[in-house]
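I have placed the structure first, in the form of structure tokens, so that the comments after it can refer back to it.
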Amino acid sequence: MRVVYLDNNATTRVADEVREEMLPYLGELYGNPSSMHTFGGQVHRKIETAREQVAALINAEPEEIIFTSCGTESDNTAIMSCLASSPQKRHIVTTRVEHPAVLNFCRTMSRKGYRVTFLPVDRLGRLDLDELQSAITDDTAVVSIMYANNESGVIFPISEIAGIVKAKGVFFHTDAVQAAGKIPVDVKKIPVDMMSLSGHKIHAAKGVGALYVRRGTRFSPYIIGGHQERGRRAGTENVASIAGFGRACELAREHLPVESARIRGMRDRLERGLHETCPGARTNGDPENRLPNTLNISFEYVEGEAILLRLNEFNICASSGSACTSGSLEPSHVLRAMGVPFTAIHGSVRFSLSRYTTDEDIDLVLEKMPGIIRELRELSPYGREAGQAGAHSP
Ligand code: PLP
């Protein structure tokens, strides 16, 4: 039975072209890129090609790209470096809706004596830029604000945000793990100091990421050891994954102009269809500024996990903003920060598409969901009422 994979914000399938690019480095080309001999040298050259490919995706210069093990490491490294570069400053500004890679890192820093401002968002998941402006003080070492949210898909106005932060002379880092490859990202147009990327969100393998560091930005390595990555990130490189990541970036750049419109079309059809056929559905997140591949939708008085389990029976993969399936014990911190009612958070499902998603995938979800929601509502007295109340508009 085929799998309908609509959980691409969690991870993506490795593109065939990426796997092919990786295979020689898991086989005959096993040299150490730091070795003096020609055998290692050809591996080193592959890493440099990949660096150019990753840089091109965000219009950076190759020497501004540092390979890391994942998006999480890039996030941790960026914030830590900014703190180390401003040792006299003790304040961090971030948002309440960041990925745990930033959120929990900042919480850890707050236990180590830093003051952290977690900016709120409104009910559509948007930031108030006046609040950002006034949160930055002379004591602020770094502002870290994500480019696009992994749960809601909401895209922050990162260019404007970077402008505000840089006007105050403060380091600005953005987590672009969900944005790069899905929407155009251009570091020449955004005055960002550092930007995190991750391979497995754009059809590369797991275990590889990158950190963009603008030329001239003070940088302090997080992983200390050998001289790899020009002394900015020690440890023998994950060559195969880096080679694949480079190819994945090249593919993303090639496909983006056409694929993002096609993916948006399928996402919009899914959204419209669910609103038409499932009473009490509500879309979470700013409809105007959302990743083209993401739909976060709530079905009040139904458990998100129950929906996922029923979808799973048809080999349809999605994720929910409530406990367990998202791997945490708490309901989604993102939806809570947006003030989504408790009953709707628990009934939230995230569908995230990719360039491998087909119209038939969407048809299957649209065919199965009305029955699933109806049946689950029948099991709940509140749900029966909600089911009769009619659909909300997005
Ligand atoms: N940042 C965002 C916005 C993400 O969505 C993720 C992964 O879900 C990460 C960071 C972490 O990336 P990685 O899984 O490569 O550590």
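We count ligands from 1, going down the list as the structure has it; atoms in each ligand are counted the same way.
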Numbering the atoms of ligand 1 from 1, which are under 4.0 Å from a heavy atom of M146?
3 (C)
Please report whether ligand 1 has a polar contact with C70, defined as an N or O pair separated by less than 3.5 Å (distance criterion only).
no
Closest approach of any protein heavy atom to atom 8 (O) of ligand 1, naming residue and atom:
K201 NZ, 2.5 Å
Pair H346 and Y301, ring centroids less than 6.0 Å apart
no
How far is atom 4 (C) of ligand 1 from its nearest protein heavy atom, and which residue and atom is that?
H99 CD2, 3.2 Å
Answer side chain, backbone, both or neither: which part of D75 comes under 4.0 Å from ligand 1, heavy atoms only.
side chain
How long is the span from the CG atom in L335 to the OG atom in S298, to the nearest 0.5 Å?
6.0 Å
Any idea which of T72, L197, T68, N9 brings a heavy atom closest to atom 11 (C) of ligand 1?
T72
Using 4.0 Å as the upper bound for N to carboxylate O, is an ion pair formed by K368 and E313?
no
Atom 14 (O) of ligand 1: the protein heavy-atom neighbour that sits closest, reported with distance to 0.1 Å:
H200 NE2, 2.9 Å
Rounded to the nearest 0.5 Å, the CG atom of D7 sits from the CZ atom of F351 at a distance of 10.0 Å
Does E229 come within less than 4.0 Å of R51, counting only side-chain N to carboxylate O?
yes
Presence of salt bridge, R247 and E20, under 4.0 angstrom
no
For atom 13 (P) of ligand 1, what is the closest protein heavy atom, and at what distance to 0.1 Å?
G71 N, 3.5 Å
Please state which protein non-hydrogen atom is closest to atom 10 (C) of ligand 1 and give its distance, to 0.1 Å?
D175 OD2, 3.3 Å
Distance-only polar pair, side chains of N32 and S35, donor-acceptor under 3.5 Å:
no
Ligand 1 to N150, heavy atom cutoff 4.0 Å, flagged ligand atoms 3 (C), 5 (O)
Which residue and heavy atom of the protein sit nearest atom 5 (O) of ligand 1, plus the separation:
Q178 NE2, 2.8 Å
With heavy atoms of S198 as the reference, note each atom of ligand 1 found under 4.0 Å away.
13 (P), 15 (O)
We want to know whether T11 and K206 form a side-chain donor-acceptor pair, criterion being a heavy-atom distance below 3.5 angstrom.
yes
